[in-house]
Amino acid sequence: AEAVRRTGSAPVPLHLRNAPTDLMRRHGYGEGYRYAHDEPDGFVPDRNLPEGVGEARFYEPRDSGAESAIRERLEAWRRRRGETPG
């Protein structure tokens with residue numbers, strides 16, 4: 001809720017937008033998109049958030065039960081992106 005109050009209704013980044021027409025492709029829709037399943041290890045470090053949102057985090061798993069495994073995975077991905085611990 002805080003990110004929405006701060007940034008409003010931010011537009012979807014161009015590289016994430018569908019480009020079903022030539023005009024949309026010429027305007028940069030879909031350009032530079034990297035599909036994680038095409039990567040050797042299934043990971044793409046791109047943030048994919050609208051401009052202005054920055055490093056906002058919308059989910060922080062607890063360190064108990066199944067969420068501890070999710071926490072470890074998120075921390076590993078964040079390290080690969082070069083993010084600082086939250």
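Position 1 is the first residue of the sequence, and the numbers go up from there.
With rounding to the nearest 0.5 angstrom, the CG atom of D22 is 11.5 Å from the NE2 atom of H27. Interatomic distance, CG of L16 versus OH of Y29, reported as 12.0 Å (0.5 Å rounding). Going from atom CD of E67 over to atom CZ of R73 covers 14.0 Å, rounded to the nearest 0.5 Å.
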| Chi angles and distances behind the side chain to side chain contact (heavy atoms under 4.5 Å, CB included) call for Y33, V44 | CA-CA 10 Å; Y33 176 72; V44 174; over 6 Å; no
| message | Between R34 and H15, is the side chain to side chain contact (heavy atoms under 4.5 Å, CB included) condition met? List the steps. | response | CA-CA 9 Å; R34 293 171 56 196; H15 73 280; over 6 Å; no
| task | Verify side chain to side chain contact (heavy atoms under 4.5 Å, CB included) between L14 and E31, making sure each step is shown before the conclusion. | result | CA-CA 7 Å; L14 282 177; E31 187 176 317; over 6 Å; no
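With a 6.0 Å radius and a threshold of 12 heavy atoms from other residues, nucleotides or ligands, E2 has its CD atom above the threshold.
Annotation: side chain of R71 is in contact with side chain of E60 (closest heavy-atom distance under 4.5 Å). The shortest distance between side-chain heavy atoms of R17 and M24 does not fall below 4.5 Å. Contact of the P13 side chain with the N48 side chain is not registered, since no non-hydrogen atoms from C-beta on lie closer than 4.5 Å.
Between the side chain of E83 and the main chain of R78, no donor-acceptor pair closer than 3.5 Å is present. With R80 contributing its side chain and E75 its backbone, the two residues share no donor-acceptor pair below 3.5 Å. Between the R25 side chain and the G30 main chain, no donor and acceptor come within less than 3.5 Å of each other.
Tracing side-chain contacts under 4.5 Å through hydrophobic residues (I, L, V, M, F, W, Y), one never reaches V4 starting from Y59; they form parts of separate clusters. Hydrophobic cluster membership differs between F43 and L49, with clusters built from Ile, Leu, Val, Met, Phe, Trp and Tyr side chains linked at under 4.5 angstrom.
Nearest heavy-atom pair across G52 and T7 is O-CG2, 3.3 Å. Counting all heavy atoms, side chain and backbone alike, A56 lies closest to R47 at O-NH2, 3.2 Å.
Under the 6.0 Å cut-off for aromatic ring centres, H37 and Y35 qualify, their centroids lying closer than that.
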